[in-house]
Amino acid sequence: MRSQRFQNRVTAGRFTLPAAILISVTCWILSAILLPDLEIRKDDYPLWDLFRDSCIPAWGTRLFSFILYSVIGYFLIGLNNAFAIIRMRASVQTAIYFLLVSVCPAMHILYAGDLVAVTFLIALYFLFRSYQQAKPASYLFHAFVFMGMGSLLFPQLIFFVPVFWIGSYSFQSLHPKSFFASLIGWSVPYWFLLGYTYLSGHMELFYQPFLELVNFRSIRFGFRPWELATIGYILLLYIVSSSHCLIAGYEDKIRTRSYLHFLIFLNFCIFVYIGLQPALYPHLFSLLLIGTSILIGHLFVLTNSRSSNLFFIIMLVGLFTLFGFNLWTLLQTH
């Protein structure tokens, strides 16, 4: 029976999400007590610095970050309910998302990527809505409006615009009209930015997102120990869950298979970009967890074997080990 295995009892359990939230809050409080002076890696990006300094007090970075992660977790449930990506349990991906965020104490403070992840997830929703639509222009317009909004705070998000075009092509929604609608949608936030900078006399702010696109950090920068351990853990989960989706994809509907294949491709691109620009890891981490959480949830909910149960247990043990290692590493450097 499916319910006899520990893996399936956890993934199908009613208290899995509340337990994950409780663990997340505990990890958040523990990191706040042990690492009260944790600093955000400086980016020297004027638009983000202006937004952070004017809208978010220094004492509220942890609280605001937790609120944003909670919003993303809630939206993940809505995304799954709308498109039935994981058939059996709609909250598993959110529980996984909370746990993955919690084991990274350095990510418990606010980064531009946290805000961008919200707009990124909404853009994914509209992109998925465009699947085989007779008139997809409005859906792609809205998807790229949110991509444009996110790129104001994190300009490198623009590099994922072609990935969304590839996704819309695979969803049979990329036509000349919808393509130009996506371009117009992406430009809308920049028209507002242009108006603000012109009226305030700070036109240099309008040029900053485009200047940031050509500001490539040195690849030799490398990863910090906690980043390397975390990305390795998530990469392992991504490889296993993606392989399951590709091998056992015949069990899903064609529409669901298309969504999962796009998430696999999207996360692959994010992994590649993290490898090319390690300095942007804190911002890309939030984007990475969105698709990864769905893929991992799909794996653990829809498998029922001794090997998958053993892998699930090992991954849980590894999760708490990773938290201890990340916390210890950060304590050594502060």
Test side chain to side chain contact (heavy atoms under 4.5 Å, CB included) on Gln277 and Gln156; report intermediate values, then the result.
CA-CA 10 Å; Gln277 293 287 270; Gln156 288 79 4; 6.0 Å; no

Could you go through Ile264 and Tyr238, starting from their C-alpha distance and side-chain angles, then the distance that decides it, and tell me whether this counts as side chain to side chain contact (heavy atoms under 4.5 Å, CB included)?
CA-CA 8 Å; Ile264 291 172; Tyr238 165 76; 3.5 Å; yes

Quick one: do Phe64 and Leu115 satisfy side chain to side chain contact (heavy atoms under 4.5 Å, CB included)? Show the steps, please.
CA-CA 10 Å; Phe64 199 71; Leu115 272 169; 4.3 Å; yes

Carefully, step by step, assess Trp191 and Tyr196 under the rule ring-ring contact (aromatic ring centres under 6.0 Å, His included).
CA-CA 9 Å; Trp191 285 109; Tyr196 168 77; over 10 Å; no

Please step through side chain to side chain contact (heavy atoms under 4.5 Å, CB included) for the pair Val317 and Phe312, ending with a clear verdict.
CA-CA 9 Å; Val317 173; Phe312 179 76; over 6 Å; no

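For Leu79, the side chain to side chain contact (heavy atoms under 4.5 Å, CB included) partners two or more places apart in sequence, or in a different chain, are Phe83, Leu121, Tyr125, Phe128, Ile294. With sequence neighbours left out, the ring-ring contact (aromatic ring centres under 6.0 Å, His included) criterion links Phe159 to Tyr273. Taking the ring-ring contact (aromatic ring centres under 6.0 Å, His included) definition, one finds that Tyr97 meets it with nothing, sequence neighbours left out. Under the rule for a side chain to side chain contact (heavy atoms under 4.5 Å, CB included), the partners of Pro189 that lie at least two apart in sequence or sit in another chain are Met149, Leu152. With sequence neighbours left out, the side-chain hydrogen bond (donor to acceptor under 3.5 Å, both in side chains) criterion links Thr230 to Asn326. Scanning for side-chain hydrogen bond (donor to acceptor under 3.5 Å, both in side chains) contacts around Arg255 gives Tyr259, with sequence neighbours left out. Under the rule for a side chain to side chain contact (heavy atoms under 4.5 Å, CB included), the partners of Leu310 that lie at least two apart in sequence or sit in another chain are Ile314. Take Tyr131 and apply the side-chain hydrogen bond (donor to acceptor under 3.5 Å, both in side chains) test, not counting sequence neighbours, and it matches no residue. Residues satisfying the side-chain hydrogen bond (donor to acceptor under 3.5 Å, both in side chains) criterion with Ser305, sequence neighbours excluded, are Ser307, Ser308.
Pairing each heavy atom of Ala117 with each of Ser286, the nearest pair is CB-CB, 3.8 Å. For Leu235 against Phe271, the heavy-atom pair with the smallest separation is CA-CZ, 3.7 Å. Nearest heavy-atom pair across Pro105 and Leu327 is CG-CD1, 4.0 Å. A pairwise comparison of heavy atoms in Leu295 and Cys245 identifies CD2-SG, 3.9 Å as the closest pair. Nearest approach of Arg62 to Ile109, heavy atoms of both residues: CG-CG2, 3.8 Å. Tyr190 and Ser151 get closest at one heavy-atom pair: OH-OG, 2.7 Å.
A 4.5 Å side-chain heavy-atom check between Phe300 and Ile86 finds every atom pair outside the cut-off. Put simply, the side chain of His202 reaches to within 4.5 Å of the side chain of Glu204, judged on heavy atoms. By the 4.5 Å heavy-atom criterion applied to side chains, Phe262 and Leu127 are counted as neighbours. Side-chain contact check for Thr303 versus Phe311: every heavy-atom pair is 4.5 Å or farther apart. Residues Met203 and Leu194 are in side-chain contact: their nearest non-hydrogen atoms beyond the backbone lie under 4.5 Å apart. Using a 4.5 Å heavy-atom cutoff, the side chains of Val163 and Phe265 are in contact. With a 4.5 Å cut-off on side-chain heavy atoms, Ser91 and Thr16 do not count as touching. Residues Ile96 and Leu100 meet the side-chain proximity criterion, which asks for heavy atoms closer than 4.5 Å.
Within the model, atoms CD1 of Ile290 and CZ of Phe75 stand 10.5 Å from one another, a figure rounded to the nearest 0.5 Å. Rounding to the nearest 0.5 Å places CG of Asp114 at 12.5 Å from CZ of Phe66. Note: Phe98 CZ to Ser70 OG = 4.5 Å, rounded to the nearest 0.5 Å. Taking CG from Leu236 and CD1 from Ile231, the interatomic distance works out to 12.0 Å, rounded to the nearest 0.5 Å. Between the CD1 atom of Ile239 and the CD1 atom of Ile234 there is a distance of 12.5 Å, given to the nearest 0.5 Å. A distance of 12.0 Å separates CG of Leu157 from NE2 of His283, quoted to the nearest 0.5 Å.
Judged as a side-chain hydrogen bond (donor to acceptor under 3.5 Å, both in side chains), the pairs with a partner in residues 133-150 (not counting sequence neighbours) are, in order, Arg129-Tyr139.
Heavy-atom contacts from other residues, nucleotides or ligands closer than 6.0 Å to CG of Leu199 number more than 12.
Grouping the Ile, Leu, Val, Met, Phe, Trp and Tyr side chains by contacts below 4.5 angstrom, directly or via other members, places Phe223 with Met107. Under the 4.5 Å side-chain heavy-atom criterion for grouping Ile, Leu, Val, Met, Phe, Trp and Tyr, Leu331 is not connected to Phe325 through any hydrophobic cluster. Hydrophobic clustering (ILVMFWY, side-chain heavy atoms < 4.5 Å, transitive): Val301 and Phe6 are in one cluster. Each of Trp328 and Val103 belongs to its own hydrophobic cluster when Ile, Leu, Val, Met, Phe, Trp and Tyr are linked at side-chain heavy-atom distances under 4.5 angstrom. Ile247 and Leu263 sit in two unconnected hydrophobic clusters of ILVMFWY residues. Membership requires side-chain heavy atoms under 4.5 Å apart, directly or through other members.
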When the side chains of residues 176-186 are checked against the rest of the protein, which donor-acceptor pairs come out under 3.5 Å, sequence neighbours left out?
residue, atom, partner, partner atom, Å
Ser178, OG, Ser173, O, 2.8
Ser178, OG, His175, N, 2.7
Ser178, OG, His175, O, 3.0
Ser182, OG, Trp165, NE1, 2.9
Ser182, OG, Phe179, O, 2.4

Taking distance alone, no hydrogens or angles, what donor-acceptor pairs closer than 3.5 Å link side-chain atoms of residues 27-36 to residues at least two apart or in another chain?
residue, atom, partner, partner atom, Å
Ser31, OG, Cys27, O, 3.3
Ser31, OG, Trp28, O, 2.9
Ser31, OG, His108, ND1, 2.8

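The backbone N or O of Asp252 sits nowhere less than 3.5 Å from a side-chain atom of Thr256 that would complete a donor-acceptor pair. Gln208 contributes no side-chain N or O that, together with a main-chain N or O of Pro155, makes up a donor-acceptor pair within less than 3.5 Å. Without hydrogens or angle criteria, Thr329 side chain to Trp226 main chain gives no donor-acceptor distance under 3.5 Å.
In this structure, the ring of Phe120 has its center no less than 6.0 angstrom from the ring center of Phe146.
Partner of Arg5 under the side chain to side chain donor-acceptor pair (under 3.5 Å) criterion, out of Thr11, Asn304, Asn309: Asn304 alone.
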